[in-house]
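Taking it in order: structure first as structure tokens, then the write-up.
These values consider heavy atoms only, across backbone and side chains, with no hydrogens, waters or symmetry-generated copies. All figures in this text were calculated on a predicted structure; none of them were measured in a lab.
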Amino acid sequence: MRTIKYILQKEFIQVLRNKTMLRMIVMLPLMQMLVLVFAATYDLKNVDLYVVDQDLSDASRGLINHFEASPFFRIHDSSFDLEDGMDQLKKEESDFVLVIPPDFERSLVRDDAADVQLLVNAIDGNKATLVFQYTRGIISAYNKHIVMKWKSLPEFNPPMRVDTHDSYWFNPELDYKWYMAPGILSILVTIIGMFLSGMNLVREKEMGTIEQLNVTPIKKWQFIVGKLLPFLVIALLDLAFGLIIARVVFNLPIEGSLVLLFGFGALYLVGVLGLGLFISTVTETQQQVMFITFFFMMVFVLMGGIFTPVESMPHWAQQLDRLNPIYYFIRIMRMVCLKGSGFADLIEEFVSLTIIGVSFLSLAIWRYRKTN
């Protein structure tokens with residue numbers, strides 16, 4: 001234990017002397033939480049709508065007013081010519097075009113039915129689907145409005161109405177930032193753990209100080225553990241810093257146990273740090289570490305479920321995610337913070353992270369070579 005203690009003293013002194021690393025440790029969680037949580041969102045707001053009103057009637061104006069009253073749509077411009085609307089779509093200046101035909105009001109009065117045309121930019125399929133659903137909802141609300149307005153006669157008996165009251169569990173305000181903040185925090189501690197631990201060991205190779213350590217009687221596992229523990233502590237401090245920011249800025253609820261959350265965080269970091277140290281044992285320069293770490297980070301993050309549900313991925317991708325530590329930790333962060341889940345609810349994640357952590361740490365110890 002005395003040997004590990006001296007290694008830890010050396011590592012903390014080395015980290016404190018590295019001004020670039022200190023800036024990353026402090027600024028990275030601040031920038032990620034205050035920028036990415038706001039920017040990385042699938043909330044649909046301020047959809048640019050271009051109106052082609054060829055009817056110019058009270059009925060067409062009433063429909064347009066319903067879109068203006070919606071918080072999701074912003075009327076970019078309007079005209080009488082359909083070609084102008086098509087040009088708007090091609091130039092990416094509008095997200096969709098609402099085309100109201102010339103006989104819109106007359107068809108409503110005579111036939112009790114009328115058509116409108118929606119031209120939606122579907123390059124982003126998810127956004128196009130949401131735009132279409134919101135538009136259908138607005139048109140349906142307008143349809144109910146004109147039914148009650150035009151057919152409010154004594155002999156008209158409206159159909160019976162069933163009222164529904166919605167209640168959303170775990171995120172009652174449907175605040176997307178509550179969903180994103182735990183995921184961004186997971187990426188944060190992953191970057192701190194995997195990237196900095198790998199860079200630190202390779203930097204010793206480039207400076208030549210690794211040779212001085214190799215001629216000492218330090219055992220391989222003592223050296224790897226001594227390299228792992230400082231960055232585990234730093235990453236947990238960054239996790240705490242990020243949680244404070246999320247709580248103060250986004251009012252993120254923390255329904256579960258903080259002890260449980262940080263316990264899983266430490267277990268997760270053992271695997272991530274072990275992978276970073278393993279990468280550093282098979283590389284010789286910091287550039288090599290950056291490229292390899294970036295590759296793993298891209299795969300882990302994109303398949304981790306932060307942006308798209310893992311359940312929507314192909315079956316083979318879901319099976320591959322069993323080797324993805326970020327997938328488990330994002331689930332843990334969201335379940336503990338938003339649901340208040342306990343250890344009994346996270347048995348599968350605990351077993352998986354334990355296997356991953358032991359495997360990566362063992363690989364790092366096995367691959368590290370001491371030369372006398």
Side-chain angles (χ1 to χ4, degrees), residues 35-105 107-108 113-148 164-168 170-181 183-184 250 302 305-314:
V35 174
L36 292 184
V37 174
F38 284 108
T41 175
Y42 279 137
D43 281 346
L44 192 62
K45 298 178 180 178
N46 299 325
V47 178
D48 289 323
L49 164 65
Y50 191 89
V51 178
V52 178
D53 186 0
Q54 298 176 335
D55 194 43
L56 300 177
S57 62
D58 289 340
S60 65
R61 187 59 204 169
L63 178 59
I64 296 171
N65 288 339
H66 271 65
F67 278 95
E68 288 180 334
S70 170
F72 304 108
F73 294 98
R74 179 176 56 193
I75 295 182
H76 179 67
D77 205 349
S78 62
S79 75
F80 187 80
D81 191 355
L82 178 59
E83 291 299 323
D84 294 338
M86 295 299 296
D87 290 339
Q88 291 288 313
L89 282 182
K90 292 176 181 178
K91 294 177 182 178
E92 296 283 342
E93 294 182 1
S94 296
D95 296 305
F96 88 105
V97 178
L98 173 67
V99 182
I100 304 176
D103 57 349
F104 179 71
E105 185 174 71
S107 298
L108 282 176
D115 295 327
V116 294
Q117 185 179 21
L118 305 177
L119 304 176
V120 184
N121 182 354
I123 291 179
D124 185 344
N126 184 69
K127 182 177 181 180
T129 302
L130 291 175
V131 166
F132 182 69
Q133 291 175 350
Y134 289 169
T135 303
R136 287 185 60 182
I138 291 175
I139 294 176
S140 176
Y142 179 67
N143 180 63
K144 294 178 181 178
H145 170 74
I146 61 175
V147 167
M148 299 301 296
T164 61
H165 300 276
D166 298 327
S167 177
Y168 299 97
F170 312 126
N171 190 356
E173 301 299 326
L174 300 181
D175 191 342
Y176 201 78
K177 293 186 288 294
W178 286 13
Y179 178 77
M180 288 303 301
I184 298 297
F250 311 118
L302 292 178
I306 184 171
F307 298 113
T308 55
V310 175
E311 293 77 13
S312 300
M313 297 180 183

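Taking every heavy atom of both residues into account, A181 and V37 meet most closely at CA-CG2, 4.0 Å. Here the closest non-hydrogen pair linking A114 and S107 is CB-CB, 4.0 Å. Minimum interatomic distance between Y50 and S79 (heavy atoms only, all atoms of both residues): OH-OG, 3.0 Å. Shortest non-hydrogen contact noted between D103 and D55 is N-OD1, 4.0 Å. The minimum heavy-atom distance between G183 and I306, with the atom names listed, is C-CD1, 3.5 Å. The two residues A59 and E105 come nearest to each other via the heavy atoms N-OE2, 3.2 Å.
Scanning for ring-ring contact (aromatic ring centres under 6.0 Å, His included) contacts around Y179 gives Y176, with sequence neighbours left out. Residues passing the ring-ring contact (aromatic ring centres under 6.0 Å, His included) test with F73, sequence neighbours excluded: F67, F96. For E92, the side chain to side chain donor-acceptor pair (under 3.5 Å) test picks out N121, with sequence neighbours left out. Evaluation of the side chain to side chain contact (heavy atoms under 4.5 Å, CB included) rule for V310 yields M313, Q318, D321, Y327 as partners, not counting sequence neighbours. Under the side chain to side chain donor-acceptor pair (under 3.5 Å) criterion, E93 pairs with Q88, not counting sequence neighbours. Residues satisfying the side chain to side chain donor-acceptor pair (under 3.5 Å) criterion with N65, sequence neighbours excluded, are R61. D48 meets the salt bridge (Lys or Arg N to Asp or Glu O under 4.0 Å) test with R74; sequence neighbours excluded. With sequence neighbours excluded, the residues satisfying side chain to side chain contact (heavy atoms under 4.5 Å, CB included) with L119 are L82, M86, L89, V97, V99, Q117. With sequence neighbours excluded, the residues satisfying side chain to side chain contact (heavy atoms under 4.5 Å, CB included) with P314 are W316, A317. Under the side chain to side chain contact (heavy atoms under 4.5 Å, CB included) criterion, R136 pairs with F132, sequence neighbours left out.
Here the CD1 atom belonging to I75 is positioned 6.0 Å from the CD1 atom belonging to I64, to the nearest 0.5 angstrom. Between N143 atom CG and I138 atom CD1 the span is 13.5 Å, to the nearest 0.5 Å. Here the CG atom belonging to D175 is positioned 12.0 Å from the CE atom belonging to M180, to the nearest 0.5 angstrom. In this structure, CG on D58 lies 12.0 Å from CG on L108, to the nearest 0.5 angstrom. Distance check, rounded to the nearest 0.5 Å: CG of L49 to OH of Y134 gives 15.0 Å.
Between H66 and Y142, the ring-plane angle classifies as perpendicular under the 30° and 60° cut-offs.
For residues 76-85, no pair satisfies salt bridge (Lys or Arg N to Asp or Glu O under 4.0 Å), with sequence neighbours left out.
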Step by step, would you call L98 with L118 a side chain to side chain contact (heavy atoms under 4.5 Å, CB included)? CA-CA 5 Å; L98 173 67; L118 305 177; 3.5 Å; yes
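Put simply, the side chain of F104 reaches to within 4.5 Å of the side chain of L63, judged on heavy atoms.
Distance alone, capped at 3.5 Å, is enough to place a donor-acceptor pair between the W178 side chain and the F250 backbone.
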